[in-house]
Asker: 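Here you go, one structure.
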There are 2 protein chains.
Amino acid sequence: MQDAPNRPYHHGDLRRAVIETALDMLREEKGWQFTLREVARRAGVSHAAPYKHFPDKAALLAELAMIGFDRLREFLSAAKPTTPKSLRDEITAIARAYVAFGMDNPALYRLMYSAEEGQAVGIHLNERALAVFDILLEVLRRGQAAGSIRKRPIEGQAAAGWGLIHGMTMLAIDGLLVPEKVGSAPLDAALSTLVEGLGSPATLGAPATTSVRGRKTKLSE
Amino acid sequence: MQDAPNRPYHHGDLRRAVIETALDMLREEKGWQFTLREVARRAGVSHAAPYKHFPDKAALLAELAMIGFDRLREFLSAAKPTTPKSLRDEITAIARAYVAFGMDNPALYRLMYSAEEGQAVGIHLNERALAVFDILLEVLRRGQAAGSIRKRPIEGQAAAGWGLIHGMTMLAIDGLLVPEKVGSAPLDAALSTLVEGLGSPATLGAPATTSVRGRKTKLSE
DNA sequence: GCCCCTAAGTAGTCACTGTCAACAATGTAT
DNA sequence: ATACATTGTTGACAGTGACTACTTAGGGGC
């Protein structure tokens with residue numbers, strides 16, 4: 001270069017710098033379609049340097065996605081009220097934090113759930129994702145033990161919760177939950193619905209009599 | 001070309017052919033990261049020909065996404081049982097069809113909810129998406145009128161439903177609803193939870209006593 | 001103190017992409 | 001028939017991910 005001969009040949013910690021720069025770009029742009037060369041450029045390094053630290057672009061994206069899940073898990077843990085008044089409070093707090101995380105980091109969030117397109121990276125990635133899932137599982141398990149949550153297969157309940165929150169987050173990011181169409185607090189409304197669905201039979205009585213039981217309802221085959 | 005002088009100079013209906021070819025490629029590959037040149041190649045046409053019909057690649061993607069929403073709406077309408085035994089049956093049928101559509105067309109489905117990254121195309125796209133939303137709205141409205149659905153702001157309930165189903169679909173596509181972790185029929189479990197949450201107080205009794213009423217639960221401010 | 005080894009940079013190249021401009025073939029209105 | 005708009009074509013351009021070969025900084029063994 002002509003203007004930076006003082007820059008040391010060895011960067012020091014280029015790996016971290018690349019990740020940091022990429023995270024910055026995720027924060028600035030809304031998509032994750034940045035180029036590796038641009039990352040290198042902004043890190044002040046030649047276009048091939050990142051390849052010394054990541055085998056290819058997909059590897060970097062996978063790394064970013066894993067960091068995203070880690071941050072999300074930490075964020076949710078931090079948002080969990082220390083002395084919740086009720087299980088509903090706890091679930092509500094977690095759900096709000098989750099959606100807030102997604103809306104604050106739309107590109108990162110979208111990347112987290114898109115990185116699987118890079119095939120087999122999914123293994124480790126799913127581990128991180130399921131670690132987030134476990135937070136929800138734990139709350140529900142405690143709720144079942146305390147009797148305030150229906151005694152149903154807990155994974156189904158957790159899947160319902162995760163699906164709901166994930167779905168609402170994606171819709172919110174996509175701008176599909178416009179206030180005029182959907183009211184000002186769609187998440188809370190949805191959460192009420194969900195929590196009431198999870199609520200224990202002691203208060204709610206028997207499930208509706210509309211005969212789900214006898215039907216073969218396997219989806220996954 | 002040297003081997004295809006018999007191909008007529010004018011294709012006839014290249015616009016449709018490009019769309020059709022692109023849809024094929026969406027069906028084959030799991031991502032929507034196909035190249036425009038490849039589409040042109042498979043359509044048997046020069047690499048720049050599609051530009052006579054689409055200003056750029058994003059325009060084609062947006063068109064595909066709209067087609068996807070249209071197909072989804074038709075598919076859901078067709079799946080709606082003609083003489084439903086109950087509202088639960090109806091909701092269940094729609095939800096299953098929705099998830100099935102997503103799992104049968106993972107790349108297209110993902111594209112449908114990713115195309116907004118191409119900025120302002122979102123207007124028309126959201127129209128199509130909201131047309132799907134309206135199907136759900138209509139069912140719920142009918143349910144409220146019949147008394148089998150709680151009288152709550154219907155947009156919140158619909159958002160809950162859409163969010164849940166959309167989220168479960170995405171998770172299913174991503175392979176995050178693995179059977180070992182989550183049971184074999186997570187959707188049905190989630191649906192039970194949802195429908196019980198939507199269910200009218202007449203059957204279900206008063207909502208859980210975990211004090212939702214008095215609390216300010218606005219999220220969006 | 002010296003030498004050499006290697007990790008971590010560099011530049012250069014390749015095939016490929018999206019996009020555009022210039023040109024050719026085709027159908028159509030006058 | 002002739003001018004024209006449409007819809008193809010070819011060829012170019014810059015920018016990309018990926019790979020290779022070269023160069024350098026810095027540390028450990030002697």
Side-chain angles (χ1 to χ4, degrees), chain A residues 1-22 25-26 28-29 31-65 107 111 114-115 117-121, chain B residues 1-22 25-26 28-29 31-65 107 111 114-115 117-121:
Chain A
M1 295 296 160
Q2 69 282 14
D3 58 323
N6 48 342
R7 163 158 54 84
Y9 197 90
H10 282 68
H11 180 283
D13 195 356
L14 183 57
R15 177 168 228 274
R16 189 172 311 274
V18 164
I19 291 177
E20 216 61 47
T21 306
M25 297 178 67
L26 279 181
E28 293 167 18
E29 317 184 16
W32 47 274
Q33 258 67 27
F34 58 81
T35 69
L36 211 47
R37 286 170 113 103
E38 172 89 18
V39 175
R41 224 168 288 143
R42 287 180 50 155
V45 107
S46 80
H47 63 230
Y51 282 91
K52 297 288 170 179
H53 301 274
F54 303 94
D56 57 6
K57 189 185 176 184
L60 171 60
L61 291 179
E63 179 92 26
L64 295 175
L111 169 64
S114 304
E117 299 182 34
Q119 303 104 323
V121 210
Chain B
M1 293 297 161
Q2 68 284 11
D3 56 323
N6 47 342
R7 163 159 53 84
Y9 195 91
H10 283 69
H11 181 282
D13 195 358
L14 183 57
R15 179 168 226 275
R16 189 174 311 274
V18 164
I19 291 176
E20 216 62 46
T21 307
M25 296 177 67
L26 280 180
E28 294 168 18
E29 316 184 18
W32 48 275
Q33 257 69 26
F34 58 80
T35 69
L36 212 47
R37 285 172 112 103
E38 173 89 19
V39 175
R41 222 169 289 144
R42 287 180 50 154
V45 108
S46 80
H47 64 236
Y51 281 88
K52 298 292 167 176
H53 301 272
F54 304 93
D56 56 6
K57 188 183 177 184
L60 171 61
L61 291 179
E63 179 92 26
L64 294 175
L111 169 64
S114 303
E117 298 183 34
Q119 304 103 322
V121 209

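We name chains A, B, ... by the order of the sequence lines, and we start the count at 1 in each one.
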Asker: Any donor-acceptor pair, under 3.5 Å, between the side chain of A/R37 and the base of D/dG17, if you only look at N and O atoms?
Answerer: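 Answer is yes: a donor-acceptor pair is held.
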Asker: Could you state the CG-P distance from A/L36 to D/dT16, rounded to the nearest angstrom?
Answerer: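 So the CG-P distance, A/L36 to D/dT16, works out to 10 Å.
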Asker: On the nucleotide C/dT17, are OP1 or OP2 found under 4.0 Å from the side-chain N or O atoms that B/T35 carries?
Answerer: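 Checking C/dT17 against B/T35, a side-chain N or O does come within under 4.0 Å of OP1 or OP2.
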Asker: Separation of B/Y51 atom OH from C/dT17 atom C1', in whole Å?
Answerer: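 Rounding to the nearest Å, OH of B/Y51 and C1' of C/dT17 are 9 Å apart.
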Asker: When the distance from CG of B/D56 to P of C/dC20 is rounded to whole Å, what number comes out?
Answerer: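 Nearest whole value for this atom pair: 8 Å.
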Asker: A/P50 and side-chain contact (heavy atoms from CB on, under 4.5 Å): which partner among A/V45, A/V39, A/I19?
Answerer: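 One option only clears the test, and that one is A/V45.
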Asker: Measure the distance from NE2 on B/H53 to C1' on D/dA5 and round it to the nearest whole Å.
Answerer: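 Distance check: B/H53 NE2 to D/dA5 C1' gives 14 Å.
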Asker: Between C/dA7 atom P and A/R15 atom CZ, what is the distance in whole Å?
Answerer: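 Distance, rounded to whole Å: 16 Å.
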Asker: Does C/dT17 have OP1 or OP2 under 4.0 Å away from a side-chain N or O of B/R41?
Answerer: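 Checking C/dT17 against B/R41, a side-chain N or O does come within under 4.0 Å of OP1 or OP2.
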Asker: Starting at the 5' end of DNA chain C and moving along, which residue's nearest nucleotide shows up first, A/K52 or A/H47?
Answerer: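 Its nearest nucleotide being more 5', the pick is A/K52.
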Asker: Determine, stepwise, if the pair B/E20 / B/R42 fulfils salt bridge (Lys or Arg N to Asp or Glu O under 4.0 Å).
Answerer: CA-CA 10 Å; B/E20 216 62 46; B/R42 287 180 50 154; over 6 Å; no
Asker: If I take atom CD in residue B/E38 and atom P in nucleotide C/dA15, what distance separates them, rounded to the nearest angstrom?
Answerer: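 Rounded to the whole Å, the gap is 18 Å.
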Asker: Is any side-chain heavy atom of A/E63 closer than 4.5 Å to one of A/R15?
Answerer: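 A/R15 vs A/E63: side chains touch.
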Asker: To the nearest angstrom, how far is A/F54 atom CZ from C/dA8 atom P?
Answerer: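 So the two atoms are 12 Å apart, to the nearest Å.
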Asker: Any idea which heavy atoms bring B/A107 and B/G31 closest together, and the distance?
Answerer: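 The answer is CB-O, 3.8 Å.
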Asker: Whole Å only: how far is the CG atom of B/L14 from the C1' atom of D/dT9?
Answerer: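 The distance from CG of B/L14 to C1' of D/dT9 comes to 12 Å, rounded to the nearest Å.
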